[in-house]
Amino acid sequence: MRIFNPLFIVITTVLLMASPGTVGQRSRTPPPLPEGEGRDLVITACVSCHSTASISRTAGYDSPEEWRRVFSTMIELNDAQANTIARYLAQHFPEDESRRPTLIDGDTDIEIIEWTVPTLGQRSRDPIEAPDGSIWWTGMWASLAGRLDPETGMMEEYKLPPASRPHTIVPDAEGNIWYTGNSNATVGRLDPKTGLVTEYQTEAQDPHSAVFHPNGNLYFTAQGAAMLGRLNPANGDMKEINVEPRPYGIKVDSKGTVWVAFNGTNMIGAMNPDSMVINYFEIPDERSRIRRLDVDSNDIIWFVNSTMGKIGRLDPITGEIAQWDSPSGPDSHPYSIAVIDDVIWYNESGMRPDALVRFNPVTESFQSWAIPSGVGIIRHNWVTKDGNLLIHQSSSNQIGLVKIN
């Protein structure tokens, strides 16, 4: 265990630019781009953080105005360079209409509010609600955690150890913020009152997602290491085990069973929290990959079958599995999932714009909406105490609140 003591930075909603040379920069040889006015500017401003494939995966935009709206949430540029880049991108990367989501009308009304985080380029993600009602997120590429007051829009950012690149954060009952250090093999605890960070070293090199258990322990997945871990915050005791490939999402049901989604095989695991022995459930079709899951009031497991474009239900008692095709089809790539009042909410991350989908299990009916910012993928979400949904768009540095009426 070691303690890191950063100064935390209080920032208002005025946007501050983060230099592409310091946040999220990855060394690579820029792939070929079409010749044209603005090509070199795109390489300078965009390819320092993105590959050309990342640009094309946005599904493109036909107008310079739309392109500028998107990249203005990623990097701050002067008007002359921003306009030149926007014209180049609109000419060479127009909209791919095949990526449009199939949106379904319905009777549920929602309001989506989005905030752009202060430090651009941080890849904000995995927002949660703390006990005091504040919204927290992790800025993975900038190694920070951020706090948002949803009533005022005021934000502040806390520096974490530079090599941590936190993947997920979860709050404890006292308001401490726990994170998974995806790049420095740690689980960390941030005390917002002092800004102090305490780190716990893990055997797994890439702690991924985490959840607190009623027994007080923190359970976490490590995707690349193919491990699951358990940390006792009271004494720092850590236990880690090897499991099936690429454990991803993790949840706890009302009986205390720890449920794990596997993104490297067609399995869902039910782990005993004490022995850490796992019972595996096989999902039909070996191509199936489960990124995330959630639990309803009857301890039925709901999951996204990302590779097959489906959502599914697992009855742990009978082992029965049912699946439904997502509205936008087999390439829709459902990603995050949450159960609110036994209604299922998830997103279609393969579509542009990213689509939020509601599924009513009673009527087996869908309703869906386009996410306003539209680019970045909801990789995780969180149900608030008021029954609303926290979302994000990582590439465009957005944190969002879905108010469900």
Side-chain angles (χ1 to χ4, degrees), residues 101 103-117 124-138 146-151 153 168-171 209-212 248-252 261 291-297 300-304 306 311 313 326-328 332-349 351 353-362 365-405:
L103 299 179
I104 308 297
D105 291 332
D107 297 330
T108 299
D109 293 325
I110 68 171
E111 178 186 5
I112 300 177
I113 304 168
E114 293 186 293
W115 296 269
T116 303
V117 299
S124 54
R125 57 175 300 154
D126 293 28
I128 57 91
E129 182 182 46
D132 65 0
S134 60
I135 296 171
W136 286 78
W137 75 88
T138 170
R147 181 184 184 276
L148 163 68
D149 182 336
E151 298 299 324
T168 291
I169 53 175
V170 288
S209 293
V211 64
F212 270 107
Y248 206 87
I250 185 169
K251 292 283 184 174
V252 178
R291 284 193 180 273
R292 297 203 180 272
L293 44 72
D294 205 356
V295 187
D296 70 16
S297 63
I300 299 296
I301 307 303
W302 290 87
F303 60 89
V304 288
S306 299
I311 62 165
R313 179 186 66 202
S326 197
S328 297
S332 57
H333 202 93
Y335 205 123
S336 68
I337 189 169
V339 179
I340 303 176
D341 295 330
D342 288 339
V343 173
I344 316 306
W345 295 80
Y346 69 98
N347 69 305
E348 295 180 324
S349 70
M351 301 293 102
D354 198 358
L356 179 67
V357 186
R358 177 186 188 272
F359 176 70
N360 185 334
V362 175
S365 59
F366 291 89
Q367 184 176 353
S368 54
W369 302 262
I371 304 298
S373 56
V375 178
I377 303 176
I378 304 173
R379 301 174 188 273
H380 203 13
N381 49 31
W382 183 276
V383 179
T384 71
K385 59 187 176 184
D386 294 331
N388 294 316
L389 190 67
L390 297 179
I391 62 173
H392 70 278
Q393 294 279 272
S394 51
S395 295
S396 51
N397 301 293
Q398 304 288 308
I399 298 299
L401 171 64
V402 180
K403 292 187 175 181
I404 304 169
N405 299 322

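Note that the numbering runs from 1 along the sequence shown for the chain.
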Nearest heavy atoms of R379 and S336, plus distance in Å: C-CB, 4.0 Å

Donor-acceptor contact below 3.5 Å, side chain S396 vs main chain V375: yes

E129 side chain vs W382 backbone, donor-acceptor pair below 3.5 Å: no

Separation of W345 CH2 from I340 CD1 (nearest 0.5 Å): 6.5 Å

Distance, nearest 0.5 Å, that separates CD1 of I104 from OG of S328: 7.5 Å

Minimum-distance pair of heavy atoms, taken over all atoms of H392 and I378: O-CG1, 3.3 Å

Atom CG of N405: over 12 foreign heavy atoms under 6.0 Å: yes

Y335 side, atom OH; H380 side, atom NE2 - distance, nearest 0.5 Å: 10.5 Å

Exercise: identify the closest heavy-atom pair between P171 and P131: CB-CD, 4.2 Å

W115 vs L401 side-chain heavy atoms within contact, under 4.5 Å: yes

Sub-4.5 Å side-chain heavy-atom contact between F303 and I337: no

Spatial distance of atom OG (S332) from atom CG (D354) [nearest 0.5 Å]: 10.5 Å

Check against side-chain hydrogen bond (donor to acceptor under 3.5 Å, both in side chains), D126 and T168: CA-CA 6 Å; D126 293 28; T168 291; 2.6 Å; yes

Side chain to side chain, I301 and V295, heavy atoms closer than 4.5 Å: yes

Nearest non-hydrogen partners of S209 and R292, listed with the distance: OG-NH1, 3.1 Å

Polar side chain donor-acceptor pair, S134 to D132, under 3.5 angstrom: yes

Min side-chain heavy-atom separation I391-I371 under 4.5 Å: yes

Nearest non-hydrogen partners of D342 and S297, listed with the distance: OD2-OG, 2.6 Å

Considering all heavy atoms, the nearest A210-V170 contact: O-CG1, 3.4 Å

Check: S373/Q398 side-chain N/O donor and acceptor closer than 3.5 Å: no

Distance, nearest 0.5 Å, that separates CG of D109 from NZ of K403: 14.0 Å

Mutual orientation of the aromatic rings belonging to F366 and F359 [parallel < 30°, tilted 30-60°, perpendicular > 60°]: tilted

Donor-acceptor pair, side chain of S365 and main chain of N360, under 3.5 angstrom: no

Side chains of I112 and V402 in contact at under 4.5 Å (non-hydrogen atoms): yes

Side chain to side chain, L356 and L389, heavy atoms closer than 4.5 Å: yes

Pairwise distance CG(L390) to CG(L148) - rounded to 0.5 angstrom: 9.0 Å

Close side-chain approach of P353 and P101, heavy atoms under 4.5 Å: yes

4.5 Å side-chain heavy-atom contact, I344 and P361: yes

